[in-house]
Amino acid sequence: MGNVRITNTPYDDVFRTLLNDCSSLILPLINEVFGEHYSGLERIIFSPNEHFLNQQNGNEEERVTDTSFRIEGKEIKKYHLECQSSTDNSMLVRFFEYDTQIALDEGTVNGNVLTVTLPHSAVLFLRHHASTPDTLKIRMVTPGGTVEYDILVMKSQRYTLEEIFEKKLLLLIPFYIFSHETRFEEYEKDKGKLKNLQVEYEQIKNKLEELLNEGIISEYTRCTLIDMSNKVLEHIAVKYDSVKEGVKAVMGGKVLEYEAKTIKREGVKEGIKEGIEQGEDKLSRLIAKLMENNRSQDVIKVTQDKQYRNKLYEEYLIGK
């Protein structure tokens, strides 16, 4: 294989982790961006994130999407989501490459007709300016006529904490710190202003506790949101120690032992349930192996992500 290029940033990693590890957070986001009305009972099926594009010189180039999946409810729809810290000139080209490759991956040939279905696509901007558009557009001029479609835009900084929790857009919580980015220098110099930032994160922490106690989110989801918030904080505030330490002092750092035990119980329960539903002794053996190796947090993930599950089957040499 020829040259390989993988598009990967810390914020991409956080976004991808949230979507794959906490898939319950996806549907509220889709409802907000695309105006859908998913109830939460729909099934989400992830597609491979890696796509190989044939180049003119005969080489293959690997492109990694943030995530693509289909939602199975009353009808089946494909979606492609990307996370961008800011706009760049190549983004539309990448979207077109990803969308057409996703369509080709599941294309069908019937007689002399190739049918491909492009996914519903959207981008989450973590930063935006007055000139940042609300919609992006791809126009294809074909011998049969011109076809165009929109790539919808979501701007995370437009959402207040109240809106995030009201609309259940919990996936935006790790990126909430972007709304304070322009004031980092002020917080670094003024303890009073830093305290105001800490008060907001105290609200986030308390609200997540409420959702946990009400059974709306799991301990695993709560811990993942906190962990991913800290990862974003480490990168965006790398030069601002007071900001980093101030927020971490409120949100917490490492997962406490009692939380880890709760996650372990949730993982075993979910894994056993999934194994029973699928009738897979293979999955049960994988779960047992993960627990033996103190990888309890992976238990939930393998029940939700088929691609990751197959990877671990190979890792532990678990056959049918």
Side-chain angles (χ1 to χ4, degrees), residues 7-40 42 44 46-47 49 64-71 77-99 102 118-138 148-182 200 204 207 217 221 224-225 228-229 231-232 235-236:
T7 303
N8 201 35
T9 71
Y11 307 129
D12 291 334
D13 290 342
V14 167
F15 186 66
R16 195 177 298 119
T17 296
L18 289 167
L19 291 172
N20 284 279
D21 289 8
C22 304
S23 59
S24 61
L25 306 182
I26 294 177
L27 294 179
L29 192 77
I30 295 296
N31 287 342
E32 176 70 9
V33 177
F34 295 97
E36 299 285 3
H37 298 89
Y38 291 121
S39 66
E42 295 79 9
I44 300 173
F46 289 94
S47 303
N49 288 339
V64 180
T65 64
D66 281 345
T67 193
S68 60
F69 52 88
R70 70 178 184 271
I71 297 178
K77 288 187 177 181
K78 293 193 294 185
Y79 294 91
H80 167 209
L81 302 181
E82 294 287 330
C83 177
Q84 288 280 135
S85 57
S86 56
T87 58
D88 67 71
N89 293 332
S90 65
M91 187 178 62
L92 273 171
V93 175
R94 294 200 310 275
F95 255 102
F96 179 68
E97 290 178 337
Y98 298 159
D99 286 351
I102 290 169
L118 292 169
H120 299 268
S121 296
V123 57
L124 171 65
F125 282 126
L126 305 180
R127 299 183 180 98
H128 72 272
H129 309 283
S131 60
T132 304
D134 292 325
T135 304
L136 305 174
K137 190 179 293 291
I138 290 179
E148 59 184 37
Y149 69 97
D150 291 337
I151 297 168
L152 302 186
V153 171
M154 185 181 202
K155 301 172 183 178
S156 66
Q157 291 177 315
R158 282 187 171 177
Y159 292 87
T160 64
L161 277 183
E162 290 75 15
E163 288 175 320
I164 287 173
F165 284 105
E166 179 185 335
K167 296 183 176 185
K168 301 178 182 178
L169 300 175
L170 303 186
L171 192 140
L172 298 183
I173 286 175
F175 305 113
Y176 182 70
I177 192 66
F178 275 85
S179 63
H180 289 274
E181 184 179 17
T182 59
E200 287 198 25
I204 292 174
K207 189 62 179 177
I217 63 172
T221 296
T224 301
L225 286 169
M228 294 300 104
S229 294
K231 286 184 182 298
V232 171
H235 290 280
I236 194 174

(request) Report yes if the side chains of Leu81 and Leu29 come closer than 4.5 Å at any heavy-atom pair, otherwise no. (result) yes
(request) With sequence neighbours left out, write down each residue that passes side chain to side chain donor-acceptor pair (under 3.5 Å) with Glu148, or none if nothing qualifies. (result) Arg139
(request) Scan residues 164-175 for pairs that pass side-chain hydrogen bond (donor to acceptor under 3.5 Å, both in side chains), counting only residues two or more places apart or in two chains. (result) Glu32-Lys167
(request) Mind checking side chain to side chain donor-acceptor pair (under 3.5 Å) for Ser229 and listing every partner two or more places apart, or none if nothing turns up? (result) none
(message) Taking the side chain as everything from C-beta on, heavy atoms only, tell me whether Leu27 gets closer than 4.5 Å to Ile44.
(response) yes
(message) Is the shortest side-chain heavy-atom distance between Leu19 and Arg16 below 4.5 Å?
(response) no
(request) Look at the rings of Tyr79 and Tyr38 and say which category their plane angle falls in: under 30° parallel, 30 to 60° tilted, over 60° perpendicular. (result) perpendicular
(request) Working to the nearest 0.5 Å, report the span between CG of Leu170 and NZ of Lys207. (result) 9.5 Å
(message) Strictly distance-based, threshold 3.5 Å: is any side-chain N or O of Lys155 a donor or acceptor partner for the main-chain N or O of Thr132?
(response) yes
(message) Hydrogens and angles aside, do Ser121 and Asp99 bring a side-chain donor and acceptor to less than 3.5 Å of each other?
(response) yes
(message) Quick check for you: to the nearest 0.5 Å, what is the distance between Phe95 atom CZ and Tyr149 atom OH?
(response) 8.5 Å
(request) Applying side chain to side chain donor-acceptor pair (under 3.5 Å), name anything that partners His180, two or more places apart in sequence or on another chain. (result) Tyr187, Glu200
(message) As a test of understanding, state which of Phe175, Phe15, Tyr176 forms a side chain to side chain contact (heavy atoms under 4.5 Å, CB included) with Val232.
(response) Phe175
(message) Nearest 0.5 angstrom please: Ile151 CD1 to Leu118 CG, how far?
(response) 10.0 Å
(message) Tell me every residue that passes salt bridge (Lys or Arg N to Asp or Glu O under 4.0 Å) with Glu163, counting only those two or more places apart in sequence or in another chain.
(response) none
(request) Could you tell me whether the side chain of Phe69 reaches within less than 4.5 Å of the side chain of Ser23, counting heavy atoms only? (result) no
(request) Would you give the length of the straight line joining atom CD1 of Ile164 to atom CG of Leu172, rounded to the nearest 0.5 angstrom? (result) 5.0 Å
(request) Report the C-alpha distance between Ile204 and Leu225 in whole Å, list the side-chain angles of each, state the deciding distance to 0.1 Å, and finish with yes or no for side chain to side chain contact (heavy atoms under 4.5 Å, CB included). (result) CA-CA 10 Å; Ile204 292 174; Leu225 286 169; over 6 Å; no
(request) Decide, yes or no, whether a salt bridge links Glu36 with Lys77 under the criterion of side-chain N to carboxylate O below 4.0 Å. (result) yes
(request) Just say parallel, tilted or perpendicular for the rings of His80 and Tyr98, cut-offs at 30° and 60°. (result) perpendicular
(message) Let me confirm one number: the NZ-CE distance from Lys231 to Met228, rounded to the nearest 0.5 Å.
(response) 5.0 Å
(request) Name all residues meeting the salt bridge (Lys or Arg N to Asp or Glu O under 4.0 Å) criterion together with Glu42; count only those two or more places apart in sequence or in a different chain, and write none if there are none. (result) none
(request) Nearest 0.5 Å please: distance from the CG atom of Asp12 over to the OG1 atom of Thr17. (result) 10.5 Å
(message) Go through it in stages, so that I can follow the logic: the residues are His120 and Ile71, the test is side chain to side chain contact (heavy atoms under 4.5 Å, CB included), and I'd like the CA-CA distance, side-chain angles, deciding distance and then a yes or no.
(response) CA-CA 11 Å; His120 299 268; Ile71 297 178; over 6 Å; no
(message) side chain to side chain contact (heavy atoms under 4.5 Å, CB included) for Met91 and Leu136? Distances and angles first, verdict last.
(response) CA-CA 10 Å; Met91 187 178 62; Leu136 305 174; 3.3 Å; yes
